Amino acid sequence: MEPGFWHEKWQQQQIGFHQQNINPFLIKFWSQLALAADTQVFVPLCGKSLDMCFLAEQGHQVIGCELNELAVQQFFSDNQLPVQQSKLGEHGLYQTEQISLYQGDIFTLPIETTKDVHAFYDRAALIAWPETMRAKYAKQLAKLLPQGSVGLLVTLDYPLQALSGPPFAVSPTWVEQHLSDDFEIQLLESQDVLADNPRFVNKAVPWLNEAAYLLKRK
Ligand SMILES: C[S@@+](CC[C@H](N)C(=O)[O-])C[C@H]1O[C@@H](n2cnc3c(N)ncnc32)[C@H](O)[C@@H]1O
């Protein structure tokens, strides 16, 4: 989507994607990555996700990237975290003890910012892109991740014609076709979450699968 789309969503606080609770797949599967506590974890398109608090609670250093300034500010104010603000080139940098958020476009995020990352967490980032941009985003993610990095990818899939995203449907076939050049891929779980998503129920979407994948950067 164009940046203006997301800026407007944040300005109007139309942020239905934001979860009030930690993502259940994150809680269930994160330990499978078997990471040292002080591992740096990259969270692309992080919004103001509480999942970053979960990652920090595991002892990790969290590095997020988020386009919208209000989202970044709200992350720190909602969670009552003191924040130091600076700049790195065109990106704003907002830091608290274990969490550093780069505010700006992921496509221009300098590669140095993620050079010490060993893990990543993508929830509602891959599925935020329409088909035309999704492969480009996947390549940028791969470019930012050092070889051997492991991560959890959480996607949604539904019949394509049922809804126009975001979130966009991402099938296991798409994941295999577009990510397997850069990542080893293991599907951990896929479950129907239609009943928990009234927006999809109201639009008569027949099924909605949430899937968790374990990825390893080749
Ligand atoms: C669907 S939301 C998901 C947010 C978060 N991952 C979560 O689970 O709540 C997608 C986020 O990506 C941000 N975004 C969109 N395009 C971006 C870009 N080019 N660079 C960085 N962030 C971007 C949007 O502002 C929005 O907050």
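Just so you know, ligand 1 is whichever comes first in the structure, and atom 1 is the first atom listed for that ligand. Hydrogens, waters and symmetry mates are skipped; everything else that's a heavy atom, side chains included, is used. Please read these numbers as outputs of a predicted model, since none were measured by experiment.
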Open item on the list: Could you check whether Asp182 pairs with Lys143 (Lys NZ or Arg NE/NH1/NH2 to Asp/Glu carboxylate O, under 4.0 Å)?
Closed with: no
Open item on the list: Is there a side-chain contact between Phe107 and Tyr137 in this structure, where contact means two heavy atoms from C-beta onward sitting under 4.5 Å apart?
Closed with: yes
Task: Sidechain N-carboxylate O distance under 4.0 Å for Glu189, Lys28 - done: yes
TODO: May I ask you to decide if the ring planes of Trp174 and His178 are parallel, tilted or perpendicular, using 30° and 60° as cut-offs?
DONE: parallel
TODO: Examine Phe17 together with Trp10 and report whether their ring centres are nearer than 6.0 Å.
DONE: yes
Task: Salt bridge present between Lys48 and Asp78 (N-O < 4.0 angstrom) - done: yes
TODO: List the closest protein heavy-atom neighbour of atom 18 (C) of ligand 1: residue, atom name, distance to the nearest 0.1 Å.
DONE: Asp105 OD1, 3.7 Å
Task: Check ion pair Glu131-Arg134 (N to O, under 4.0 angstrom) - done: yes
TODO: Name the orientation class of the two ring planes belonging to Phe120 and Phe183 (parallel below 30°, tilted from 30 to 60°, perpendicular beyond 60°).
DONE: tilted
Open item on the list: Suppose we measure from atom 15 (C) of ligand 1 to each protein heavy atom; which comes out shortest, and what is that distance?
Closed with: Trp6 CD1, 3.3 Å
- [ ] Check each heavy atom of Phe75 against ligand 1 and say whether those closer than 4.0 Å belong to the side chain, the backbone, both or neither.
- [x] neither
TODO: Tell me which one of Arg123, Glu66, Lys48 gets a heavy atom nearest to atom 8 (O) of ligand 1.
DONE: Arg123
Open item on the list: For Trp10, state whether at least one heavy atom is located under 4.0 Å from any atom of ligand 1.
Closed with: yes
TODO: Flag yes if more than 12 heavy atoms outside His91 fall under 6.0 Å of its NE2 atom; otherwise flag no.
DONE: yes
- [ ] Consider ligand 1: state whether an atom of it lies below 4.0 angstrom from any non-hydrogen atom of Tyr102.
- [x] no
TODO: For atom 20 (N) of ligand 1, find the nearest protein heavy atom and state the residue, atom name and distance (0.1 Å precision).
DONE: Ile106 N, 2.9 Å
Open item on the list: Within the supplied structure, the quantity of interest is the number of heavy atoms (other residues, nucleotides, ligands) at a distance under 6.0 Å from Lys218 NZ; does it exceed 12?
Closed with: yes
TODO: Return the residue, atom name and 0.1 Å-rounded distance of the protein heavy atom closest to atom 22 (N) of ligand 1.
DONE: Leu67 N, 3.0 Å
Open item on the list: Contact between ligand 1 and Gly104 is defined here as a heavy atom of the residue under 4.0 Å from a ligand atom; is it met?
Closed with: yes
TODO: Indicate yes or no: does an N/O atom of Ala125 lie under 3.5 Å from an N/O atom of ligand 1?
DONE: no
TODO: Using a strict 4.0 Å cut-off to heavy atoms of Trp129, name the atoms of ligand 1 that fall inside it.
DONE: 16 (N), 19 (N)
TODO: Would you mind telling me if ligand 1 is within reach of the side chain of Pro166, the backbone, both or neither, using heavy atoms under 4.0 Å?
DONE: neither
Task: atom 10 (C) of ligand 1: nearest protein contact (heavy atom, Å) - done: Ala124 O, 3.8 Å
Task: atom 4 (C) of ligand 1 [closest protein heavy-atom partner, distance rounded to 0.1 Å] - done: Leu45 O, 3.3 Å
Task: Nitrogen or oxygen atoms of Ala128 and ligand 1 under 3.5 Å apart - done: no
